[in-house]
Amino acid sequence: MAKKQKTIITCAVTGAIHTPTMSDALPYTYDDIAQQALEAAEAGASILHLHARDNETGAPSVAIDDFAPFLPRIKQATDAVVNISTGGSLTLSIQDRINPAKTFSPEMCSMNMGSMNFSFHPLAGRYKDDDWKFDWEKDYVENSDGNIFRNTFRDIKEAAETLAPHDVKFEHECYDVGHLYNLKFCMDIGLFKAPVFIQFIFGILGGIGPEIDNLVFMKRTADRLFGDDYRWSVLGAGGSQMTLGTTASQMGGNVRVGLEDSLFISRGKLAESNAQQVAKIRRIVEDLGCEVATPDEAREILDLKGGDRVAF
Ligand code: KMH
Ligand code: ZN
């Protein structure tokens with residue numbers, strides 16, 4: 001493993017799991033996504049992981065027209081690295097999901113390293129029929145128990161080859177230990193070059209659970225598979241966001257927070273904003289003796305192409 005550098009904080013601003021009913025703080029309009037992204041950068045996030053949503057209903061979207069209103073505003077107002085999701089909405093094809101990254105050529109985009117059950121249907125039980133703000137939400141959440149979150153080897157190859165001319169760095173999202181072996185295989189056949197950036201993900205229903213033992217196991221496996229050829233970060237979903245992020249930063253890793261992955265700031269208390277979560281993890285990281293990376297330091301650590309080479 002490479003020696004510890006400064007800690008990169010990624011903020012995943014809105015995602016495609018949570019719905020507007022679940023928190024008033026979840027941004028879904030173009031204005032709110034832009035504003036919360038900028039505040040998160042101001043609070044210390046050097047990478048902004050972005051999804052789009054329908055401006056009126058908050059439904060997850062991969063439409064170019066739903067990214068275009070906020071990407072340039074973010075670029076003009078911050079030098080934080082923009083990372084565009086290729087996970088998009090759970091049910092779409094790989095072609096649809098990579099289209100925003102193909103169009104806007106960001107410095108980074110996500111790459112889910114396998115296919116899996118990926119469900120958040122238990123969240124539906126927290127709301128009564130009258131609670132839902134928008135028509136689409138209840139079905140969307142309930143039906144996630146029937147979804148396959150898909151990235152076959154063929155999908156991954158297609159995404160990697162389509163995006164190769166864009167010199168985009170992937171956030172390799174690994175939800176279980178097998179995904180690390182998938183990544184190793186893909187590197188061996190030349191799809192991704194070192195150093196790869198791995199997001200270890202814990203606590204998604206369908207993936208590995210949010211125990212510290214699992215974090216240690218994932219890291220040990222990655223050390224064995226990739227040696228010095230990887231950088232890593234941790235995303236703990238829901239209640240594990242801050243605890244696993246803190247542990248990761250003490251183990252030499254980087255941290256992802258944001259309302260995409262958890263709506264909470266502490267046990268049972270909804271976060272007021274993405275920036276509030278960024279400020280909290282920043283405070284913890286710094287109190288425990290680590291330094292937080294600036295966007296340019298994150299670019300150097302991850303070997304990114306630079307903010308002047310994007311298409312928005
Ligand atoms: N919300 C994360 C657990 C993607 O954007 O490609 C999954 C995610 C997927 O970030
Ligand atoms: Zn995402």
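All ligand and atom numbering here is 1-based and tracks the order in the structure.
Near Asn112, with a cut-off below 4.0 Å to any heavy atom, the atoms of ligand 1 are 4 (C), 6 (O), 9 (C). Those atoms of ligand 1 with a heavy atom of Arg256 less than 4.0 angstrom away are 1 (N), 2 (C), 8 (C), 10 (O). Numbered from 1 in the order shown, with element, the atoms of ligand 1 that lie under 4.0 Å from a heavy atom of Ile17 read 1 (N).
Heavy-atom distances between Arg97 and ligand 1 stay at or above 4.0 Å for every pair. For the pair Met111 and ligand 1, no heavy-atom separation below 4.0 Å is found.
Side-chain contact annotation: Glu171 with Ser110, donor-acceptor N/O pair under 3.5 Å absent. With no hydrogens or angles considered, a side-chain donor-acceptor pair links Arg53 and Thr14 at under 3.5 Å. Between the side chains of Asn214 and Glu211, at least one donor-acceptor pair of N or O atoms lies under 3.5 Å. Residues Ser233 and Gln199 bring a donor and an acceptor atom of their side chains to less than 3.5 Å of each other.
The option from His18, Gln199, Glu173 that lies nearest to atom 8 (C) of ligand 1, judged by heavy atoms, is Glu173. Taking each of Pro60, Gly87, Ser85 in turn, the one with a heavy atom nearest to atom 5 (O) of ligand 1 proves to be Ser85.
The protein heavy-atom contact nearest to atom 3 (C) of ligand 1 is Ile204 CD1, 3.7 Å. Nearest protein neighbour of atom 10 (O) of ligand 1, counting heavy atoms only, is Glu260 OE2, 2.7 Å. Among all protein heavy atoms, the one lying closest to atom 6 (O) of ligand 1 is Ser110 OG, 2.7 Å.
Counting just the N/O/S atoms of His51, the one with the shortest distance to the Zn ion (ligand 2) is named NE2. Here the N, O or S atom of Glu260 that is nearest to the Zn ion (ligand 2) is OE2.
The aromatic rings of Phe226 and Tyr230 sit tilted relative to each other, their planes meeting at an angle between 30° and 60°. Ring geometry, Phe104 versus Phe67: the interplanar angle falls from 30° to 60°, so the pair is classed tilted.
Under a 4.0 Å N-O distance rule, the pair Glu107/Lys75 does not qualify as a salt bridge. Using a 4.0 Å cut-off between charged side-chain N and carboxylate O, Arg299 and Asp296 make a salt bridge.
For a threshold of 3.5 Å applied to N or O pairs, the pair formed by Tyr175 and ligand 1 contains no separation below that value.
The only member of Trp232, Phe192, Phe197 that meets ring-ring contact (aromatic ring centres under 6.0 Å, His included) when paired with His172 is Phe192.
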